[in-house]
Structures are given as C-alpha cells and as structure tokens.
Trainee: 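Attaching a single structure in structure tokens format; questions to follow.
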Amino acid sequence: MRFASALLFIASAASALAAPFANATRATTRGCANTVTPAQAAAIEAQFANDFANAGLVDSDFAGSNQRAGNIQVYWHVIYKTTSVSGGYISDSAIASSISAMNSHYSGSGFSFTLAGTTRTLNANWFNYANYGNSYQTAMKKALHTGGANVLNVYTVGFTDGTLGYATFPWSYSGNPVDDGVVILYSTYPGGSTSGYNQGKTLTHEVGHWLGLYHVFQGGCSGSGDYVSDTPPQSKATSGCPSSQDSCSGGGVDSIHNYMDYSTDPCMNQFTAGQITRATSQSATYRGI
C-alpha cells in the first residue's frame, strides 16, 4: 500500500466522512464533517487503480460469483461518563443488536461482522468532546485501538456538537493505523433514544465509508460522482424520507433509500451491486479482507 506524499495529505484530509447531525434524543437532518472534493477523489481513485494492480488484483475477481468479501472482527469500545444509558453506558444487548442489524443490512454482500471484544472506559472528556481530528479522539484511539487493517474498531461517544458519526477510509490506513475505525453516537443503536436514527443504520453508513464507499451525492451531477456506475447522479443529500427526489436531470431518481445517502433510518434499505463490488475491491486492496 504505497502512497505518494501528496496523496497521503489528500487521504488524511479526507479520511473522515459522514457526520450526520443529531443530539442524544432527536435529530432533524444529517450533515457532514468532512467532504471529498472531486479533485481529491480523482487523485485518490488514480492511486487506488495503481494499488489495486500492484496487489495483483483484477476486476474479474470482484464480479458476479467471483466476488470476494469475508468476516470482519469487531472491537466495540464503549465510552461513558456515567453508568446510565443516558451517560453512554450501553448494554451488551444493545451492542449485540447493533451487530445483528449491521449483518442484516449487509446481507447478500458477502461481508459479515462478528463481535470479537468489548471495552468500557469511563472518560467524560472523551465521551463529550471526542470528534474527528481532535486531541480527545486521538488519545481515545491510541489507548483503545485493537488489531490491524482488517479489524473494525467501533467507538460510541456522546457528541455534544450534533454529530452522529464519522469514519476513516481504507486508503488512509497506512498513513495512520491507530486512527482507523468508526465513531458513532451511542444512542443510534436499534431502539436507542435518537428519534429517526435509532435502527443502527448510522453504524451501517459509517462502515460503508470504512469499506471504501463515498456518499451517493459525491461529486454532484457531473464527473465521476461516487465512482459507482449503478448509483444515479445526485447533487444533494437527502433529508428525511421524501416520496421521491431527482436532483440531477437524467440518469434516474436519487438514491434516497441507499445506506450511503443522508435519509432517516426508516428510509434506508439498500446497497447497490456496484457499491458492493467497490467495497470488496477496496477492502481486498487496503484491508486484506
């Protein structure tokens, strides 16, 4: 996994994606802490093509019945400020239901997820203030991160600024292995207290980024978009769950039901075949999955 220095900068600058906005009990929309510009995406994709070839992989390895994926071990890190649910101390059953929901959402993709371990850490500063790129999240991850590129680390925190979650991309792993993983609002598990975002789909969305997927509205109406051929061009994120939306003329209606849009949890129910092909090729190249 070799990166030119310029691409290391691009990857680190764009390593977190999708911070849906919420508070502990209610969310009105999803938003994004970091985005990838079309120019950054083009450079990242050029490097991916090179790394894919250098890994000895070919497109036919990821088509139809040859599609590759695998089981992913998950380490779940519960960060809490008090030993109540509202203080972030979520139960083993909440974690198990999150893993079960994610396996359901990724059903048919070839990816599956198994809980390998759980940690619980009392740290009010991490719970309240850990967020993309800051010193609290860096300290949290340095203390708790487990495993290599093929292991998923999930951190649940409180996010006092309205964030629902963020993730690192697979191509940024080699530049900062300890930073790798997904951070989500603790109350987004199935049955959690964040109305509209409590079916576990924030985790599914962020893991999509961890596997190499962009938002379906990446790049807008022109250019290469999200680099997946079977997601129609889309110029804006979806809010709520409209009956239909077509933000780019021609090419099909927006992917309002896609896990990589910003719809509410009840609206999300699908990945496309092209997204799965991309996720498996990204994961094979950068994560050895």
Trainee: Start with the C-alpha gap between S255 and D261, add the side-chain angles, then the distance that decides, and say whether side-chain hydrogen bond (donor to acceptor under 3.5 Å, both in side chains) holds.
Mentor: CA-CA 7 Å; S255 302; D261 203 345; over 6 Å; no
Trainee: Any disulfide (SG to SG under 2.5 Å) involving residues 123-226? Give me the pairs, sequence neighbours left out, ordered by first then second residue.
Mentor: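 Found C221-C248.
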Trainee: Which residues satisfy the side-chain hydrogen bond (donor to acceptor under 3.5 Å, both in side chains) test with S235, sequence neighbours excluded?
Mentor: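 Partners of S235 by the side-chain hydrogen bond (donor to acceptor under 3.5 Å, both in side chains) criterion, ordered by chain and then number, come out as S247.
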Trainee: For G208 and Y106, which heavy atoms make the closest approach, and how far apart are they?
Mentor: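 What the structure gives for the nearest pair is N-OH, 3.0 Å.
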Trainee: With a 3.5 Å cut-off and no angle check, do the side chains of Y166 and Q137 form a donor-acceptor pair?
Mentor: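 Q137 and Y166 do have a side-chain donor-acceptor pair below 3.5 Å.
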Trainee: Look up atom CG in L57 and atom CZ in F52, then write down how far apart they are to the nearest 0.5 Å.
Mentor: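 L57 atom CG to F52 atom CZ measures 5.0 Å (nearest 0.5 Å).
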Trainee: Check D265 against Q199 and note the closest heavy-atom contact, atom names and distance.
Mentor: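 Shortest heavy-atom contact: OD2-N, 2.9 Å.
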Trainee: Give the minimum heavy-atom separation between S112 and N71, together with the two atoms involved.
Mentor: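 Taking every non-hydrogen atom into account, OG-ND2, 2.9 Å.
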Trainee: Could you tell me which non-hydrogen atom of M140 sits nearest to which non-hydrogen atom of I79, and how far apart they are?
Mentor: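 Closest approach of M140 to I79, heavy atoms only: SD-CG1, 3.7 Å.
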Trainee: Would you say the side-chain atoms of D230 pair up with the backbone N or O of T272, donor to acceptor, closer than 3.5 Å?
Mentor: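 Side chain of D230 to backbone of T272, a donor-acceptor pair under 3.5 Å: no, none is there.
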Trainee: Provide the closest heavy-atom pair for F159 versus L185 in the form atom of the first, atom of the second, distance.
Mentor: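 Taking every non-hydrogen atom into account, CE1-N, 3.6 Å.
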Trainee: Give the C-alpha distance, both sets of side-chain angles, the deciding distance and a yes or no for side-chain contact (heavy atoms from CB on, under 4.5 Å) between N176 and T168.
Mentor: CA-CA 10 Å; N176 192 354; T168 56; over 6 Å; no
Trainee: Between R278 and G212, is there a donor-acceptor pair closer than 3.5 Å when you use the side chain of the first and the backbone of the second?
Mentor: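 Checking the backbone N and O of G212 against the side chain of R278, a donor-acceptor pair under 3.5 Å is found.
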Trainee: With the side chain counted from C-beta on, respond yes when Y189 and T156 share a heavy-atom pair under 4.5 Å apart, and no when they do not.
Mentor: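 Contact flag for Y189/T156 side chains = no.
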Trainee: Please walk me through it: do Y214 and W171 pass ring-ring contact (aromatic ring centres under 6.0 Å, His included)?
Mentor: CA-CA 12 Å; Y214 295 113; W171 56 79; 5.7 Å; yes
Trainee: With heavy-atom distances below 4.5 Å as the criterion, would you say the side chains of F113 and L203 are in contact?
Mentor: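 Of all side-chain heavy-atom pairs linking L203 with F113, none is under 4.5 Å.
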Trainee: Among side-chain atoms of Y286 and D51, is any donor-acceptor pair under 3.5 angstrom?
Mentor: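 There is such a pair (donor and acceptor under 3.5 Å, judged by atom type) between the side chains of Y286 and D51.
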Trainee: Hey, is the main chain of I289 close enough, under 3.5 Å, to the side chain of S283 for a donor-acceptor pair?
Mentor: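 The answer is no, because no donor-acceptor pair under 3.5 Å joins these two groups.
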Trainee: When rounded to the nearest 0.5 angstrom, what distance separates NE2 in H145 from OH in Y155?
Mentor: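 H145 NE2 to Y155 OH: 5.0 Å, rounded to 0.5 Å.
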Trainee: Using side-chain hydrogen bond (donor to acceptor under 3.5 Å, both in side chains) as the criterion, list what pairs up with T82, not counting sequence neighbours.
Mentor: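 T82 satisfies side-chain hydrogen bond (donor to acceptor under 3.5 Å, both in side chains) with S84 once adjacent residues are dropped.
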Trainee: Are L213 and I256 connected in the hydrophobic side-chain network, where two residues link if heavy atoms are under 4.5 Å apart?
Mentor: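 In one cluster with L213: I256, no.
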Trainee: Output all residues satisfying salt bridge (Lys or Arg N to Asp or Glu O under 4.0 Å) with D180, sequence neighbours left out; order by chain, then residue number.
Mentor: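 Listed in chain order: R287.
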Trainee: Quick one: side-chain hydrogen bond (donor to acceptor under 3.5 Å, both in side chains) partners of T231, sequence neighbours excluded?
Mentor: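 In terms of side-chain hydrogen bond (donor to acceptor under 3.5 Å, both in side chains), with neighbours along the sequence ignored, T231 is linked to D226.
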Trainee: Any pair with a residue in residues 244-258 that passes salt bridge (charged side-chain N to carboxylate O under 4.0 Å, His left out), sequence neighbours left out, goes on the list, sorted by first then second residue, please.
Mentor: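 Not a single pair qualifies under salt bridge (charged side-chain N to carboxylate O under 4.0 Å, His left out).
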Trainee: Please name the residue in the list F127, Y80, Y197 that meets the ring-ring contact (aromatic ring centres under 6.0 Å, His included) test with Y186.
Mentor: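 Passing option: F127.
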Trainee: Can you sort out the partners of D92 under salt bridge (Lys or Arg N to Asp or Glu O under 4.0 Å), two or more places apart, ordered by chain and number?
Mentor: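 Result, salt bridge (Lys or Arg N to Asp or Glu O under 4.0 Å) vs D92: R120.
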Trainee: To the nearest 0.5 angstrom, please state how far the CZ atom of F62 sits from the OG atom of S60.
Mentor: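 Between F62 CZ and S60 OG, I get 9.0 Å after rounding to 0.5 Å.
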Trainee: Tell me which pairs pass disulfide (SG to SG under 2.5 Å) where either residue lies in residues 259-289, with sequence neighbours left out.
Mentor: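 Qualifying pairs: C241-C267.
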Trainee: Quick check: does any side chain N or O of T160 sit under 3.5 Å from a backbone N or O of N128, one acting as donor and the other as acceptor?
Mentor: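 Judged by distance alone, yes, a pair lies under 3.5 Å.
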Trainee: Mind checking the OG1-CG spacing from T202 to L164? Nearest 0.5 Å is all I need.
Mentor: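 If I round to the nearest 0.5 Å, the distance is 4.5 Å.
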Trainee: So, T194 and T188: side-chain donor and acceptor under 3.5 Å apart, yes or no?
Mentor: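 No donor-acceptor contact under 3.5 Å links the two side chains.
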Trainee: Minimum heavy-atom separation for W126 and A143, please, with both atom names.
Mentor: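 Nearest heavy atoms, W126 then A143: CH2-CB, 3.8 Å.
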Trainee: Between N153 (side chain only) and H77 (backbone N and O only), is there a donor and an acceptor less than 3.5 Å apart?
Mentor: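 Pair absent, no side-chain N/O of N153 close to backbone of H77.
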Trainee: Please list, chain by chain and in numerical order, all residues satisfying salt bridge (Lys or Arg N to Asp or Glu O under 4.0 Å) with K141, sequence neighbours excluded.
Mentor: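 If we apply the salt bridge (Lys or Arg N to Asp or Glu O under 4.0 Å) test to K141, skipping adjacent residues, the hits are D179.
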Trainee: So does V228 get a backbone contact from the side chain of Q275, meaning a donor-acceptor N/O pair under 3.5 Å?
Mentor: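 Not confirmed, Q275 side chain does not pair with V228 backbone.
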Trainee: Working to the nearest 0.5 angstrom, can you tell me the gap between D161 CG and Y132 OH?
Mentor: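 Interatomic distance, D161 CG to Y132 OH, rounded to 0.5 Å: 14.5 Å.
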Trainee: Assign the ring pair H205 / Y262 to parallel, tilted or perpendicular, where the plane angle (0 to 90°) is split at 30° and 60°.
Mentor: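 Tilted, since the angle between the ring planes falls between 30° and 60°.
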Trainee: Side-chain heavy atoms under 4.5 Å apart, restricted to Ile/Leu/Val/Met/Phe/Trp/Tyr: what other residues fall into the cluster of V253, or is it alone?
Mentor: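 Besides V253, the cluster holds no residue at all.
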Trainee: With rounding to the nearest 0.5 angstrom, report the CG to CG distance, L152 to L211.
Mentor: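 The CG atom of L211 is 8.0 Å from CG of L152, to the nearest 0.5 Å.
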Trainee: Tell me, please, which residues at least two apart from H105 pass side-chain hydrogen bond (donor to acceptor under 3.5 Å, both in side chains).
Mentor: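 Checked H105 against side-chain hydrogen bond (donor to acceptor under 3.5 Å, both in side chains); matches are T204.
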Trainee: If you link I, L, V, M, F, W and Y whenever their side-chain heavy atoms are under 4.5 Å apart, who else ends up in the same group as V151?
Mentor: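 Direct or chained contacts put V151 with Y75.
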Trainee: Could you tell me whether the side chain of S100 and the main chain of A96 form a donor-acceptor pair under 3.5 Å?
Mentor: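 Absent.
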Trainee: Any donor-acceptor pair under 3.5 Å linking the side chain of T121 with the backbone of N123?
Mentor: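 Not confirmed, T121 side chain does not pair with N123 backbone.
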Trainee: Give a yes or no answer on whether the side chain of H209 reaches the backbone of F169 with a donor-acceptor pair at less than 3.5 Å.
Mentor: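 Looks like no, no N/O pair under 3.5 Å.
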